[in-house]
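In this text, all values refer to a predicted model and were calculated from it rather than measured experimentally. All ligand and atom numbering here is 1-based and tracks the order in the structure.
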Amino acid sequence: MKVTTLGEFIIERQADFPYATGELTRLLSDIAIAGKIVNREVNKAGLVDILGAQGEENIQGEQQQKLDVYANNQFISALKAGGEVIGLASEENEDYVNMDGGVSSNAKYVVMIDPLDGSSNIDVNVSIGTIFSIYRRITFSGPATLEDFLQKGSEQVAAGYIIYGSSTMMVYTTGFGVNGFTLDPSIGEFCLSHPSIKIPQTGIIYSINEGNYVHFPDGVKKYIKYCQEEDINSDRPYTSRYIGSLVADFHRNMLKGGIYIYPETAKSPKGKLRLLYECNPLAFIAEQAGGVASNGYKRIMDIEAKELHQRTPLYIGSSDMVEKVEGFIAMYAEKVST
Ligand code: P6P
């Protein structure tokens, strides 16, 4: 069977964009190259002194792992060199990085990225991931502005993730479906392995940190109990699977069916996950694969972005499962309000 590399696929699918002039093609290739470099370090993390905390905190107040910093620098360098990006916002940087000047002066795109999500798992060899989101700039010239980044998720041009797991995969969409590519280390190429991914309409896997149960909204508590009830006709009790790495949980649920939930909690009253570089890109992918992504009340990609590191609750995965938990949330919100 002919192997289709990511590069060949991106060029073939450039025809999806009637006026394509190759910049997005180049941008996606730049991300893939940086992903391969990060993968090389992730794969040997245990062998070199790159483990453990950098000894600094990122703007999230999280202990920065050395690989976080390394990954962030790799993606920034690759996108700077590629010249297709006017600005980049990263979980690891308080403000956005302006790429204006030199090869990027006329760049059309801004990128938002979580360079290494789930990094607390680095030292224990659990799958981690990169999440990226691509928009056209909305200002016309000069350096990127905050306005270019604070766009609704529905304006995304492309989105994807790289999962560094038992194998390394890049999964992305440009609005024409979702395709997955597995890295073949023997040739150093991402090869098409999961064409036209579709999330099953329902599933039997729910992913949530039940350690926060007492702080969950009542509707979420009721949904968890619903998942745990015995009902053969609806394949319940479901299976609980929570890796603590969003990309890994999302990827498994996308292939097998399931729901990932990170609701408001006492520690994170607006939710923990970030709208711009975690929730919007995965929401774009989920919807393109036939799934749903909401904040419990509204579509994630319709949420107005007010700040770079804005948080939101996230309910994402199989459409039937997200709609079910939204029903419980609505039911119990009414009870609270009456
Ligand atoms: P908790 C990792 O920090 C992350 O952003 C996601 O990858 C993961 O699903 C979640 O947070 C884990 O958070 O509070 O359950 O440890």
Side-chain angles (χ1 to χ4, degrees), residues 38 42 45 51-54 56-69 71-72 89-93 112-133 159-165 168-169 171 205-217 220-221 223-224 240-254 256 258-283 285-286 291 293-296 300 308-317 321-322 325:
V38 170
V42 165
L51 281 179
Q54 172 84 350
E56 296 166 7
E57 282 195 348
N58 64 14
I59 69 108
Q60 323 292 341
E62 293 167 346
Q63 192 67 39
Q64 249 185 336
Q65 300 287 335
K66 285 182 180 176
L67 263 178
D68 272 355
V69 177
N72 198 42
S90 168
E91 179 177 45
E92 300 302 329
N93 297 82
M112 280 151 255
I113 192 165
D114 183 351
L116 214 53
D117 176 75
S119 54
S120 57
N121 292 303
I122 291 174
D123 288 0
V124 293
N125 216 17
V126 167
S127 299
I128 50 184
T130 297
I131 310 171
F132 62 89
S133 174
Y161 59 84
I162 300 169
I163 179 169
Y164 311 96
T168 295
M169 280 190 70
V171 178
I205 297 172
Y206 69 103
S207 306
I208 187 169
N209 183 346
E210 294 191 52
N212 297 318
Y213 181 86
V214 295
H215 300 300
F216 288 157
V220 175
K221 288 180 179 175
Y223 179 70
I224 292 172
S240 174
R241 287 285 183 274
Y242 191 72
I243 299 172
S245 188
L246 170 59
V247 172
D249 279 316
F250 175 76
H251 182 71
R252 179 205 54 242
N253 291 351
M254 191 162 72
K256 295 191 166 186
I259 184 171
Y260 172 98
I261 299 173
Y262 207 108
E264 317 78 308
T265 66
K267 188 180 169 192
S268 308
K270 293 183 180 175
K272 174 182 181 184
L273 301 174
R274 307 299 179 164
L275 176 63
L276 293 186
Y277 42 78
E278 291 173 328
C279 300
N280 270 335
L282 294 186
I285 292 168
S294 92
N295 67 356
I300 287 286
L308 283 183
H309 302 290
Q310 183 169 326
R311 298 179 191 268
T312 175
L314 178 65
Y315 302 75
I316 189 169
M321 300 178 85
V322 175
V325 67

* Structure fact -> Residue set satisfying ring-ring contact (aromatic ring centres under 6.0 Å, His included) with Y206, at least two apart, ordered chain then number -> none
* **Heavy-atom check, side chain of K267 versus side chain of K272, under 4.5 Å** => no
* Asked: Okay, side chain of S207, backbone of Y242: is any donor-acceptor separation there less than 3.5 Å?
  -> no
* With a cut-off of 6.0 Å (strictly less than), are more than 12 heavy atoms of other residues, nucleotides or ligands near NZ of K256? -> no
* Asked: Counting both backbone and side chain atoms, is some N or O of S120 under 3.5 Å from an N or O of ligand 1?
  -> no
* Should you measure from each heavy atom of E278, which atoms of ligand 1 turn up under 4.0 Å away? -> 5 (O)
* Structure fact -> Sequence neighbours excluded, the answer for salt bridge (charged side-chain N to carboxylate O under 4.0 Å, His left out) partners of R241 is none
* Asked: Mind checking whether Y242 has an N or O less than 3.5 Å away from an N or O of ligand 1?
  -> yes
* Structure fact -> Under 4.0 Å between heavy atoms, the region of L246 that gets near ligand 1 turns out to be both
* To do: Measure the distances from the heavy atoms of G244 to every atom of ligand 1 and state whether one is below 4.0 angstrom.
  => yes
* Asked: Against heavy atoms of D117, which atoms of ligand 1 measure under 4.0 Å?
  -> 4 (C), 5 (O), 6 (C), 7 (O)
* Asked: Using 30° and 60° as the class limits, which term best fits the ring planes of H251 and Y161: parallel, tilted or perpendicular?
  -> perpendicular
* Heavy-atom distance to atom 3 (O) of ligand 1: which of K267, E91, E210, K272 wins? -> K272
* Check each atom of ligand 1 against the heavy atoms of L273 and keep those under 4.0 Å away; list them by number with element. => 5 (O)
* Structure fact -> Under 4.0 Å from one or more heavy atoms of Y260, ligand 1 contributes atoms 8 (C), 9 (O), 10 (C)
* Asked: Does the side chain of D117 come within less than 4.5 Å of Y277's, by heavy atoms?
  -> no
* Going by heavy atoms, is D249 under 4.0 Å from ligand 1? -> no
